[in-house]
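First the structure, in the form of structure tokens, and then the observations on it.
What you see below is based on every heavy atom in this structure, not just the backbone, and it leaves out hydrogens, waters and symmetry mates. If you're wondering where the values come from, they're calculated on a predicted model, not measured in any experiment. Each chain gets a letter, A, B and so on, in the order its sequence line appears, and its residues count up from 1.
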There are 2 protein chains.
Amino acid sequence: MRLLPHPATEDIQLTEVLRALSDPVRMEIVIRLALRGEMTCTTAGDDLGVHKSTASHHYRALREAGVIMSKQEGRLKYISLRRADLDARFPGLLDSILSAAHVPV
Amino acid sequence: MRLLPHPATEDIQLTEVLRALSDPVRMEIVIRLALRGEMTCTTAGDDLGVHKSTASHHYRALREAGVIMSKQEGRLKYISLRRADLDARFPGLLDSILSAAHVPV
DNA sequence: CTTATTGTTTGACAACAATCCAACTATGCG
DNA sequence: CGCATAGTTGGATTGTTGTCAAACAATAAG
């Protein structure tokens, strides 16, 4: 099991988080993660309407902004929302964004 | 006194609001409006570090996303945050973003 | 009427971003 | 080992964005 580089909680920048979530494809990925929890990249990218390499690019954007966590397990890569970290850094922000996206919090 | 075209409250899109706020210059403008209320474009753009035409471009981006209101009064144009509209459309969103930006709400 | 003030528009330009495709890497399976 | 699966990377393309400068428009003031 390997971890990939992620920004530390205190290094997460507000405008970068907002930027990451301002793309509809990335927002949809985040919504899926919020609804269904940790999942593999393939599952997260299913029926997303973009090429898998494009999805991969979006995973990186979300990871570098501090929105998601990735961990490699064997052949699979699991991604998940950094809910606790985001809530520690920006209390209430993720919840209000998810509510705005009609995701039950 | 003239009003300029703004999106109706129900037409404000989440990703467009996040996009508008993902630029540091626009975020700073919004912070100023949150702290000091309605102000003219010149006041809002003071010491922003960008050319006035660039600031004007940002006002339009914020207006088209539904984040700010503009009204022309004589030679001056006043801009203000659409707090009530944003709160009606996305409850708690603006507050949590402003809190994240260290603006007292 | 002329001038100063306030802000927008247009053009140019460089940087960035979203996308697809093809090639590649890495891991597990038989 | 050889093959399939899961994802990433690099290149190409196309479009968007942030910026400045210069020209413009509209209004108020002298």
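Between the side chain of B:S56 and the backbone N or O of B:K52 there is no donor-acceptor pair closer than 3.5 Å. A:S22 contributes a side-chain N or O that, together with a main-chain N or O of A:R19, makes up a donor-acceptor pair within less than 3.5 Å.
Side chain of B:Y59, nearest nucleotide from D:dT19, C:dT8, D:dT9: C:dT8. Side chain of A:R60, nearest nucleotide from D:dT5, D:dG18, D:dT9: D:dT9. The listed nucleotides are D:dG10, D:dA21, D:dA23; the one nearest the side chain of A:S53 is D:dG10. The side chain of B:H51 has D:dA21 as its nearest neighbour among D:dA21, D:dA23, D:dT19. Considering only side-chain atoms of B:T54, the nucleotide from C:dC21, D:dT19, C:dT19 that sits closest is D:dT19. For B:R19, counting side-chain heavy atoms from C-beta on, the closest listed nucleotide (C:dT19, D:dT17, D:dA23) is D:dT17. Closest approach to the A:R26 side chain among C:dA18, C:dT8, D:dA29 is made by C:dA18 (side chain taken as heavy atoms from C-beta onward).
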Which pairs would a plain distance check flag for residues 59-69 of chain A, meaning a side-chain donor or acceptor within less than 3.5 Å of a matching protein atom at least two apart in sequence or in another chain?
unit_1 : atom_1 : unit_2 : atom_2 : d
A:Y59  : OH     : A:C41  : O      : 2.8
A:Y59  : OH     : A:G45  : N      : 3.2
A:R63  : NH1    : A:P5   : O      : 2.8

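Secondary structure note: stems in DNA chain C built from 3 or more consecutive Watson-Crick or G-U wobble pairs under 3.5 Å occupy C:1-30 with D:1-30.
Whole-Å rounding puts the A:L62 CG to D:dT8 P distance at 12 Å. Nucleotide C:dC16 holds its P atom 18 Å from the CG atom of A:D23, rounded to whole Å. Protein atom CZ of A:R63 is 11 Å distant from nucleotide atom C1' of D:dT8, rounded to whole Å. For B:L48 and C:dT6, the CG to P distance is 17 Å, given to the nearest whole Å. Across the protein-nucleic acid pair, B:E73 atom CD and D:dT27 atom P stand 13 Å apart, rounded to whole Å. Counting to the nearest Å, the P atom of C:dG28 and the NZ atom of A:K77 are 15 Å from each other. At whole-Å resolution of the value, CG in B:L76 and P in C:dA4 are 18 Å apart. Rounded to whole Å, the distance from CE on B:M39 to P on C:dT6 is 15 Å.
Contact annotation: B:K52 side-chain N/O to C:dT5 OP1/OP2 distance is not under 4.0 Å.
Mapped onto DNA chain D by nearest heavy atom, B:H58 and A:H57 fall at different nucleotides, with A:H57 at the one closer to the 5' end. Nearest-nucleotide positions on DNA chain C for A:R75 and A:A61 put A:A61 closer to the 5' end.
Annotation: the span from B:L93 atom CG to A:L98 atom CG amounts to 10.5 Å, rounded to 0.5 Å. Taken to the nearest 0.5 Å, the OG1 atom of B:T15 stands 12.0 Å off from the CG atom of A:L18.
Contact check for B:I12 versus B:L86: side-chain heavy atoms found under the 4.5 Å cut-off.
Residue pairs meeting the side chain to side chain donor-acceptor pair (under 3.5 Å) criterion with at least one member in residues 82-91 of chain A, sequence neighbours excluded, are A:T9-A:D85, A:R82-A:D85.
Closest approach of B:M27 and B:L21 over heavy atoms only: CE-O, 3.4 Å.
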